[in-house]
Structures are given as structure tokens and as C-alpha cells.
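Note that the coordinates shown come from a computational prediction; the quantities given were computed from them, not determined experimentally. All residue numbers in this chain count up from 1 along the given sequence.
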Amino acid sequence: MDFAAARKVMVDSQVRVNDVTDRDLQAALLAVPRERFLPAERAFAAYAEIEPEIANGRRLMLPRDLSKLLMALDLCAGETALAIAAPYAAAVMAQMGLTVTAQEADAEVLDVVAPALAEAGVNAVVAPFARPVGEGYDVIVSEAAAPVRPEAWLAALKVGGRLAVVERAGPAGKAVLYVKGASGLSRRELFDAAPPVLADLAPEPAFAL
């Protein structure tokens, strides 16, 4: 399979046509080998309009949705970023000149994506998704959905930092952008999306006596 040709078709047919106009982001998507973030036997699915599985139910986000999330973040070279359950996004941001940490909770997922992350210059760590590694980030992004507002992720942003994530409590979700100000947070809804939800972030059930 000609992955470079498939990558160009992906950008032309799934990214540009969905109002993703950032030229630097387009160039990064053309440069990063998305197929390297899947097991070899599923690499052929990397550029289709699906959410291919990495391992144990964890999936890559649709190219359309991820590119729109990343454009909303208004990424700048030299910024620091945390990619939570977002290995492909981590490599794309690194290609754009950001200093990126990729956080995974499942070592088997990391086993699949670690070689590509290393080649991209991304620092990879294994830690529970509910506890972000480090703090003071300019940017945080996730390729998976959060079932509730991810307060711990927001706390890991610096003032002026941005979080892009899909919030999904039911069959449909909404991509949102948070910006952390000195006096609080702003929240803006971006578009409809429904990636798989990170069960790790589900609130503990409350029992009434």
C-alpha cells in the first residue's frame, strides 16, 4: 500500500474539505505516518474514515475530528503540550514544533505507538488518565472523549493554556475548547463528535441511603 498517497488523499478529502485551513497543520498531517500508530496488521485502516483500534479498545480519532480540534488550539512552535490518549496528535504537534508529552494508561497501547513517538521526539509516559503528568502546559488535547468535565486536566494548564477535548455523556458528544484565564475558564463548543469515552474518567457512582 502507498501510505504517502493515502495520507494525501486523507488530507484532501477529510481535512481540507472540513474547513481546516491551517497550512502548518496540513503539512504536519502530510508528514506524520498515521499507519505507524496501529499494529502492522491494521495499518491499512489508518487513512480510512473510521476510528481504527490501536489495542484493547483504544482507537485513533477520526482525521476530520482531530484536525479540527488541533486547529482550534491555535498551536505555536515552542509551546508545551500534553497529549492524553492521543499518540497520533502528539506526533502531529511535535512535527509543528511543540514540545510534547504523550500520556497513556495502558502499557499495551504504548507498546504499539512507542516507536513512532520516539521517532517524532515525543516523551511517552504511562500513568492513569485521571492524573495528568506534569503541569503548566500551554496545550492539552485528547483523541478520546471525556464523560465529564476533566477538572484535573484543566488544572494542569498554565494561565493562557488551552484544552481541546470531546465531552460525551451519551450517544453523541461535543468537541469543546477551554481557555484558562487568570480569573477562571472560558468554554466554547466547536462541533459534534462521538469518539469512544475514556472509562477511566467516569465518576464514581453515588449511592443514596
Side-chain angles (χ1 to χ4, degrees), residues 3-4 6-8 10-11 14-16 20-40 43 46-47 51-52 54-55 58-107 109-127 129 132-144 150 153 156-158 160-166 175 177-180 195 198:
F3 288 118
R7 203 172 303 131
K8 185 177 187 306
M10 177 194 76
V11 172
Q14 299 181 56
V15 176
R16 290 192 175 109
V20 178
T21 56
D22 185 316
R23 296 291 184 88
D24 291 335
L25 175 55
Q26 291 177 5
L29 292 167
L30 285 168
V32 174
R34 183 173 163 92
E35 71 277 4
R36 295 288 311 282
F37 295 87
L38 296 171
Y47 299 101
E51 297 165 325
I54 305 169
R58 273 287 318 289
R59 296 178 180 274
L60 295 179
M61 187 177 243
L62 288 170
R64 166 200 175 269
D65 292 351
L66 179 61
S67 60
K68 290 171 76 71
L69 270 187
L70 293 178
M71 189 172 75
L73 285 165
D74 193 20
L75 302 168
C76 296
E79 291 186 315
T80 58
L82 178 63
I84 300 177
Y88 174 61
V92 172
M93 292 190 293
Q95 180 71 27
M96 296 177 70
L98 283 77
T99 299
V100 186
T101 298
Q103 181 171 339
E104 290 294 340
D106 185 337
V109 173
L110 188 58
D111 285 345
V112 174
V113 302
L117 289 174
E119 287 183 16
V122 173
N123 177 45
V125 296
V126 175
F129 290 135
V133 175
E135 59 184 3
Y137 290 103
D138 295 296
V139 169
I140 299 177
V141 67
S142 178
E143 291 186 49
W153 299 3
L157 291 171
K158 67 188 292 185
R162 294 93 67 203
L163 164 67
V165 64
V166 174
L177 176 70
Y178 288 96
V179 179
K180 188 173 189 176
L198 290 176

Working to the nearest 0.5 angstrom, can you tell me the gap between K68 NZ and L177 CG? 13.0 Å

All heavy atoms of A156 vs all of G134, minimum pair found to be CB-O, 3.9 Å

Under the side-chain hydrogen bond (donor to acceptor under 3.5 Å, both in side chains) rule, what pairs show up with a residue in residues 72-92, not counting sequence neighbours? E79-R162, T80-D138

Out of curiosity, L60 CG to E143 CD, how far, rounded to the nearest 0.5 Å? 5.5 Å

Within a strict 4.5 Å, meaning less than it, do heavy atoms of the D106 and R58 side chains meet? no

Can you give me the closest heavy-atom contact between A124 and L110, atom names plus distance? CB-CD1, 3.7 Å

Rounded to the nearest 0.5 Å, what's the gap from CZ on R7 to CG on L30? Could you check? 8.0 Å

Interatomic spacing from CG in L163 to CD1 in I84 - rounded to 0.5 Å: 7.5 Å

Contact check, side chains of P87 and E104, non-hydrogen atoms, under 4.5 Å: yes

How many angstroms lie between CG in L75 and CG in D24, if you round to the nearest 0.5 Å? 9.5 Å

Would you mind reporting whether V166 and D65 have side-chain heavy atoms less than 4.5 Å apart? no

Side-chain heavy-atom pair V122, T101 within 4.5 angstrom cut-off: no

Do F129 and S142 have side chains that get closer than 4.5 Å, going by heavy atoms? no

For the CD1 atom of I140 and the CG atom of L82, what is their distance to the nearest 0.5 Å? 5.0 Å

Would you check if L29 and P63 make a side-chain contact, meaning some heavy-atom pair closer than 4.5 Å? no

Between R34 and P52, which heavy-atom pair has the shortest distance, and what is it? NH2-CD, 4.0 Å

Please confirm whether the backbone N or O of Y47 pairs with a side-chain atom of Q14, one donor and one acceptor, at under 3.5 Å? yes

Closest approach of Y137 and A81, non-hydrogen atoms and distance? CD2-C, 3.7 Å

I'd like to know if the side chain of Q103 and the backbone of V133 have a donor-acceptor N/O pair within less than 3.5 Å. yes

Does any part of the side chain of M96, heavy atoms only, come nearer than 4.5 Å to the side chain of L70, both counted from C-beta? no

Which atom of V141 lies closest to which atom of A86, heavy atoms considered: O-CB, 3.9 Å

Can you see which heavy atom on F3 is nearest to which on A43, and at what distance? CE2-O, 3.6 Å

